[in-house]
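Here is the structure we will look at.
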Amino acid sequence: MKIRHTVIFTFYASTSKEQKEEVVKRLNEMGEFLKQELGVTNWVVEKHIPETYKEKRSDLLQDGIFPSLDALQQHSNSEVHKRVIELTKKVCDWMTIDTIVPEN
């Protein structure tokens, strides 16, 4: 069973541009690790587009497909994930949604 893991980030008003850039950098580094080590596919880190952005909406999306529930659990305990969390807990709120990827 494949799992789509989606995280939506909302930065605090006090979060600097540099901190936001560092979050994106760490997410992308984590994505590279997950693709190589755990077989994650479809990794995406994207900012909310200015054309539809309204105050109080989320700022950033991270999305990827894990090959199994076990891989998602391994990710949760990985050092690269802990590195992301150590920063994000200081600069933003987030919400995570995991869904089953339908088999075609």
Side-chain angles (χ1 to χ4, degrees):
M1 165 175 63
K2 292 182 181 179
I3 307 291
R4 177 178 297 282
H5 179 69
T6 305
V7 184
I8 307 291
F9 299 90
T10 304
F11 291 112
Y12 302 139
S14 61
T15 303
S16 71
K17 178 183 175 190
E18 291 78 16
Q19 289 170 316
K20 291 175 185 179
E21 290 171 352
E22 183 65 19
V23 168
V24 170
K25 178 181 174 234
R26 290 184 190 196
L27 288 170
N28 283 321
E29 289 171 352
M30 183 172 64
E32 288 304 312
F33 168 82
L34 293 172
K35 289 188 279 185
Q36 292 175 11
E37 299 298 322
L38 297 177
V40 170
T41 59
N42 299 78
W43 186 260
V44 173
V45 176
E46 290 292 341
K47 296 176 186 171
H48 196 127
I49 60 172
E51 293 82 359
T52 65
Y53 186 80
K54 294 179 182 169
E55 194 172 333
K56 299 196 184 230
R57 285 206 177 162
S58 295
D59 300 287
L60 189 67
L61 171 129
Q62 171 254 296
D63 187 68
I65 297 177
F66 285 75
S68 65
L69 185 56
D70 182 57
L72 180 60
Q73 290 168 337
Q74 288 180 48
H75 153 67
S76 295
N77 297 319
S78 70
E79 289 303 314
V80 69
H81 183 250
K82 290 175 185 174
R83 187 168 184 273
V84 170
I85 296 292
E86 76 180 3
L87 176 58
T88 55
K89 69 182 180 183
K90 297 175 187 174
V91 300
C92 63
D93 289 323
W94 67 89
M95 176 180 68
T96 302
I97 300 173
D98 295 320
T99 57
I100 296 172
V101 177
E103 302 214 13
N104 295 333

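Basis for what follows: all heavy atoms, side chains included, without hydrogens, waters or symmetry-related copies. Please read these numbers as outputs of a predicted model, since none were measured by experiment.
At least one side-chain heavy atom of L60 sits less than 4.5 Å from a side-chain heavy atom of L27.
Note on residues 27-52: pairs passing ring-ring contact (aromatic ring centres under 6.0 Å, His included), not counting sequence neighbours, are H48-Y53. Pairs passing the salt bridge (Lys or Arg N to Asp or Glu O under 4.0 Å) check and including a residue from residues 58-68, sequence neighbours excluded, read R4-D63.
Residues V84 and L38 share a single hydrophobic cluster, defined by chaining ILVMFWY side chains whose heavy atoms lie under 4.5 Å apart. By the rule that hydrophobic residues join a cluster once side-chain heavy atoms approach within less than 4.5 Å of another member, F9 and L87 end up as members of one cluster. Cluster membership for L69 and L34, using ILVMFWY side-chain heavy atoms within less than 4.5 angstrom, is shared. Note on V40: it clusters hydrophobically with I85, by side-chain heavy-atom contacts below 4.5 Å among ILVMFWY residues. Criterion: ILVMFWY side-chain heavy atoms under 4.5 Å apart, direct or through other members. Under it, V80 and V23 are part of a common hydrophobic cluster.
With sequence neighbours left out, the salt bridge (Lys or Arg N to Asp or Glu O under 4.0 Å) criterion links K90 to no other residue. Scanning for side chain to side chain contact (heavy atoms under 4.5 Å, CB included) contacts around K82 gives E79, with sequence neighbours left out. In this view, E86 and R26 satisfy the side chain to side chain donor-acceptor pair (under 3.5 Å) rule, not counting sequence neighbours. With sequence neighbours excluded, the residues satisfying side chain to side chain donor-acceptor pair (under 3.5 Å) with Q74 are D70. With sequence neighbours excluded, no residue satisfies side chain to side chain donor-acceptor pair (under 3.5 Å) with S78. Residues passing the salt bridge (Lys or Arg N to Asp or Glu O under 4.0 Å) test with K47: none are found, sequence neighbours excluded. With sequence neighbours excluded, no residue forms a salt bridge (Lys or Arg N to Asp or Glu O under 4.0 Å) with E18. Every residue two or more places apart in sequence or in another chain that forms a side chain to side chain donor-acceptor pair (under 3.5 Å) with E32 is listed here: K35.
If you chain together ILVMFWY residues whose side-chain heavy atoms come under 4.5 Å of each other, I65 ends up grouped with V101.
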Distance-only donor-acceptor pairs under 3.5 Å for side chains of residues 91-100, two or more places apart:
| unit_1 | atom_1 | unit_2 | atom_2 | d |
| --- | --- | --- | --- | --- |
| D93 | OD1 | Y12 | OH | 3.0 |
| D98 | OD1 | H5 | ND1 | 2.5 |

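Rounded to the nearest 0.5 angstrom, H81 NE2 and L72 CG are separated by 8.5 Å. Atom CG of N28 and atom CD of Q62 lie 9.5 Å apart (nearest 0.5 Å). Between the CD atom in Q19 and the CD atom in E21 there is a gap of 10.5 Å [rounded to 0.5 Å].
Taking the six-membered ring where tryptophan is involved, the planes of F66 and H75 are tilted, since the angle between them lies from 30° to 60°.
Minimum interatomic distance between G39 and P67 (heavy atoms only, all atoms of both residues): O-CD, 3.7 Å.
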